[in-house]
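Here's the structure we're looking at; comments come further down.
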Amino acid sequence: MRVLCIGGGPAGLYFGLLMKLQDPRNDVVVVERNRPYDTFGWGVVFSDATMDNLKEADPVSAAQINAAFNHWDDIDIHIGGRTLRSGGHGFIGIGRKRLLNILQARCEELGVRLVFETDVADDQQLARQYEADLVIAADGVNSRVRASYAQTFAPDIDTRQCRFVWLGTHKRFDAFTFAFEKTEHGWFQAHAYRFDDDTSTFIVETPEPVWQAAGLDRMSQEEGIAWCERLFARYLDGNRLISNATHLRGSANWIRFPRVICHTWVHWQALPDGRRVPIVLMGDAAHTAHFSIGSGTKLALEDAIELARNIGAAGPEGLPAALERYEAVRSVEVLKIQNAARNSTEWFEHVERYAHLAPEQFAYSLLTRSQRISHENLRLRDPDYVAGFERWLALQAGVPEQALRLREGPLPPMFTPYRVRGVTLKNRVVVSPMAMYSCVDGVPGDFHLAHLGARAMGGAALVMAEMTCVSPDARITPGCPGLWNDAQRDAWRRIVDFVHASTDAHIGIQLGHAGRKGSTQLGWEAMDHPLAEGNWPLVSASPLPYLPGISQVPREMSRADMEQVRDDFVACARRAAQAGFDWLELHCAHGYLLSSFISPLTNRRTDEFGGSLANRLRFPLEVFAAVRAVWPVDLPMSVRISAHDWVEGGITPDDAVEIARAFQAAGADMIDCSSGQVSPDQAPVYGRMYQTPFADRIRNEARIPTIAVGAISEADHVDSIIAAGRADLCAIARPHLADAAWTLREAARLGVRDVNWPKQYLAAKRQLETNLERAAQAAGGKA
């Protein structure tokens, strides 16, 4: 094959040498605009796993790279005059120039032609010149080739919020170092690591408004560097900060990171000679990952490995299939890294959000910011660090020091207690309210006794009953429970009494009104579709059906309607207290009645209950205040909200913070952070713990405790969320449907022995623990 690589960075060079290794008859040319051995930037970071990939692909260059690396395991976090260290992270740093020199020399050794000082303005002309069968566009984040074929590649470029400058210093850091300094303008942070015997990378980063407020946009390059030296002097030990971007002037060396995603990575171009030549994106031309997870060069090299592997397996005649396979495999792997990088990027963009945390929790939050490192993964890396942090967290939760000393093993964050008003929960696990559609005339029966009773015996601290409706016309379906009469109250009291008598769990109730989503079929029938017969009239904030052309059109609520509904909520809250519930939640999410007032998608009113967010919140806050006034003062009250409508023009996470603040001011103890189900047009971005960022923002910006919910399925998820301060409780839904004793099973799997089991089931406790220990040992792990 005749291969043309446009761009002589790591991707182009490495792909070139791999193609020559694969078949010396391949004619490979790498064209680079800079002079030989020119480079910009300082050091690059790999993980140990990346080095393993390089060793397998080309042992010779891998050995040279490995010999030039600086290895370290530790991360140092400097915040508030404290330094916190965590080990076991397995980083490797090398100077970018040194890496390129090794790859350039290896290319020359193998017969790859390197052409320097050639600025490619016309890739087609160059492809004809070298009679290329394959063109690799590895020309960087500002790729001209990508721009030339933008219609095919469909790049999505998101310029991030922080400004950063890439500097160096002769201060030798012995750990990957994060340093945070607060100025009168806001927070600045440095990312620093050593990459050779006498030089370290030193990246300074801050949000754009802070950068401007500090005047860095008006400083020369020299002035800006001097300003950073003064700010971070305590970490530099008298060493200077230096720049090798001398071609840039003034503030131009402070840039905003562009996150690049391309719809496709391959473009087939017809040349004048009649041939169709594929142009393939690689490295930063195809995708970028923020430097805070150190993966840009890693991704570029692994792109090269995967493409070369697929071409070798397919042969020249199978090139289209090889390219299709390359894109399919790499796009998935890149997406994983980019998702982690997005989480990391957003964390550093909002340091102010987390600066109120104690240094211990701030450091933990930083270490787990990408969600790729979980609590148990961190324990594998540095068990002493995690043990110390768990002890600190348990003390903050009120666990007596004497009790911690007497414990046989660790107390994971999931099993720390939590107090709200007069209620102390034994752990951080909540059985999320889940509709069962199994009541008759709103009365919960034996099913609910068995369902909720089993989950209360299963180890969770709080069991929430499903949305319980405040009137017959407030039901979602005919099978939904209610509290609008005393018979329903007495049926609930039977369940509550069982939970209190037979378990150490608490039990809560969620009150709601279906609004425009009412009078529908049971959940396992045609969900959200009207009943075949016997429909009742619906009310909502505005006369908009949930499913256009299918659902009933609700009546827009009058003021009299609002007062009646408010009074219905109050009456039900009184009955909930009489039934003995420990916790009450007001349902203001998922498009039901109170939610329909909050979202602009469903509230088109022009009176004092429509328009601005403050106006749209007026009626839900009125209901909340009325309910809080009759709910016992020593019992908690939470509010479930949809923190994101997932529809353009709907509620956003920014709005959710303001919504939370409004309910907090009204007396809410916690915000239960769900999302969506307000509009059938929603387009959620699903994934592991995908709604936790909403709980995180609300907790750390509005400063109100939160409940995280959504795709939380492992104790490790709960531990990571609680430990990082992203939420205070975790609501688990589907896992509790599959396993009523989910919490007890997770405790046994983690080796937490001192959890209460129902005495009737104690005989099974030790057997479960032993079986899980054996399974872990057989798998080479540890329970």
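Given the structure is predicted, the values throughout are model-derived calculations rather than measurements. Quick note: numbers below take in every heavy atom, side chains included, and nothing from hydrogens, waters or symmetry partners.
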Please lay out, stage by stage, how Val204 and Glu181 fare under the test side-chain contact (heavy atoms from CB on, under 4.5 Å).
CA-CA 11 Å; Val204 180; Glu181 290 292 327; over 6 Å; no

query: Does Ser720 reach the main-chain N or O of Ser374 with its side chain, forming a donor-acceptor pair under 3.5 Å?
result: no

Would you say that more than 12 heavy atoms from the other residues, nucleotides or ligands in this model lie under 6.0 Å from the CZ of Arg325, or not? no

d(Leu110 CG, Gln22 CD) to nearest 0.5 Å is 12.5 Å

Fill in: Pro684 backbone acceptor or donor facing Gln682 side chain under 3.5 Å
no

Here the side chain to side chain donor-acceptor pair (under 3.5 Å) pairs for residues 296-308, sequence neighbours left out, are Asn53-Glu302, His287-Asp303, Lys298-Glu302, Asp303-Arg330, Glu306-Arg309, Glu306-Asn310

Which of Phe180, Trp347, Tyr364 passes ring pair (Phe, Tyr, Trp, His ring centres under 6.0 Å) with Tyr354? It is Trp347

Can you check whether Asp27 reaches Arg113 side chain to side chain, under 4.5 Å on heavy atoms? yes

- Distance-only side-chain donor-acceptor flag, Ser331 / Trp265, under 3.5 Å: no

| query | Are any side-chain N or O atoms of His290 and backbone N or O atoms of Ser292, one a donor and one an acceptor, separated by less than 3.5 Å? | reply | yes

Walk me through whether Ile721 and Val718 qualify under side-chain contact (heavy atoms from CB on, under 4.5 Å). CA-CA 5 Å; Ile721 291 167; Val718 178; 5.9 Å; no

Would you check, one step at a time, whether the test side-chain contact (heavy atoms from CB on, under 4.5 Å) holds for Trp254 with Trp211? CA-CA 9 Å; Trp254 289 85; Trp211 178 75; 3.2 Å; yes

Q) Quick one: does Arg688's side chain have a donor or acceptor within less than 3.5 Å of a partner on Gln371's backbone? A) yes

For the residue pair Leu13 and Arg106, establish whether any side-chain heavy-atom pair is separated by less than 4.5 Å. no

For Leu134 and Val277, the nearest pair of non-hydrogen atoms, with its separation, is N-CG1, 4.1 Å

Rounded to the nearest 0.5 angstrom, the CD1-CD distance for Ile102 and Gln64 is 6.0 Å

Main-chain N/O of Ala132 paired to Arg275 side chain as donor or acceptor, under 3.5 Å: yes

Rounding to 0.5 Å, atoms CG (Asp58) and NZ (Lys20) come to a distance of 14.0 Å

* Asked: Hey, are the side chains of His191 and Phe164 touching, using non-hydrogen atoms and a 4.5 Å cut-off?
  -> no

So OH of Tyr326 and CD1 of Ile311: to nearest 0.5 Å the spacing works out to 9.5 Å

**Asked** Is there a side-chain contact between Asp217 and Arg163 (heavy atoms, below 4.5 Å)?
**Response** no

>> Between Asp139 and Arg146 (salt bridge meaning N to carboxylate O under 4.0 Å), is one present in this structure?
In response: no

Would you say the ring centers of Phe291 and Trp42 fall short of 6.0 Å from each other? no

- [ ] Look at the side chain of Arg353 and the backbone N and O of Asn700, then say whether any donor-acceptor pair between them is shorter than 3.5 Å.
- [x] no

Practice item. For residues Thr368 and Arg726, determine if any side-chain heavy atom of one lies less than 4.5 Å from a side-chain heavy atom of the other. Key: yes

Residues Ser713 and His717: closest non-hydrogen pair is N-ND1, 3.1 Å

Here the pair of heavy atoms bringing Asn343 nearest to Arg369 is CB-O, 3.3 Å

*Look at the side chain of Thr288 and the backbone N and O of Asp284, then say whether any donor-acceptor pair between them is shorter than 3.5 Å.*
no

Q.
Counting only heavy atoms not in Glu109 (residues, nucleotides, ligands), do more than 12 fall under 6.0 Å from its CD?
A. yes

Can you label the angle between the Phe91 ring and the His89 ring as parallel, tilted or perpendicular, going by 30° and 60°?
parallel

- Hey, is CZ on Arg33 packed in by over 12 heavy atoms from elsewhere, all under 6.0 Å? no

Whether over 12 other heavy atoms sit under 6.0 Å from Gln125 CD:
yes

Practice task
Would you check if the side chain of Ser642 reaches a backbone N or O of Gly676 as a donor-acceptor pair within less than 3.5 Å?
Solution key: yes

Is the shortest side-chain heavy-atom distance between Thr169 and Phe232 below 4.5 Å? no

Do the non-hydrogen side-chain atoms of Ile79 and Phe178 ever get within less than 4.5 Å of each other?
no

Are side-chain heavy atoms of Phe257 and Glu205 found at a separation under 4.5 Å?
no

>> Any side-chain to backbone donor/acceptor pair from Gln338 onto Ile261? Under 3.5 Å, distance only.
In response: no

Verify side-chain contact (heavy atoms from CB on, under 4.5 Å) between Trp166 and Thr201, making sure each step is shown before the conclusion.
CA-CA 7 Å; Trp166 204 293; Thr201 294; 3.6 Å; yes

Closest non-hydrogen atoms of Ala138 and Gly12, given as atom of the first, atom of the second and distance, are CB-N, 3.8 Å

On a heavy-atom basis, the closest approach of Phe195 and Ser200 is CE2-C, 3.7 Å

Taken to the nearest 0.5 Å, the spacing of Thr177 OG1 from Asp74 CG works out to 9.5 Å

*Taking 4.0 angstrom as the limit, do Asp654 and Arg697 come out as a salt bridge?*
yes

For residues 114-125, the salt bridge (charged side-chain N to carboxylate O under 4.0 Å, His left out) pairs (sequence neighbours left out) are Asp119-Arg144

If only side-chain N and O atoms count, and only distance matters, is there a donor-acceptor pair under 3.5 Å linking Gln212 with Glu208? yes

- Message: Between Ser143 (side chain only) and Val141 (backbone N and O only), is there a donor and an acceptor less than 3.5 Å apart?
- Response: no

CZ (Arg372) and CG (Asn377) are apart, to the nearest 0.5 Å, by 9.5 Å

All heavy atoms of Leu54 vs all of Ile65, minimum pair found to be CD1-CD1, 4.3 Å

Should Arg98 and Asp196 count as an ion pair when the cut-off is N to O under 4.0 Å?
no

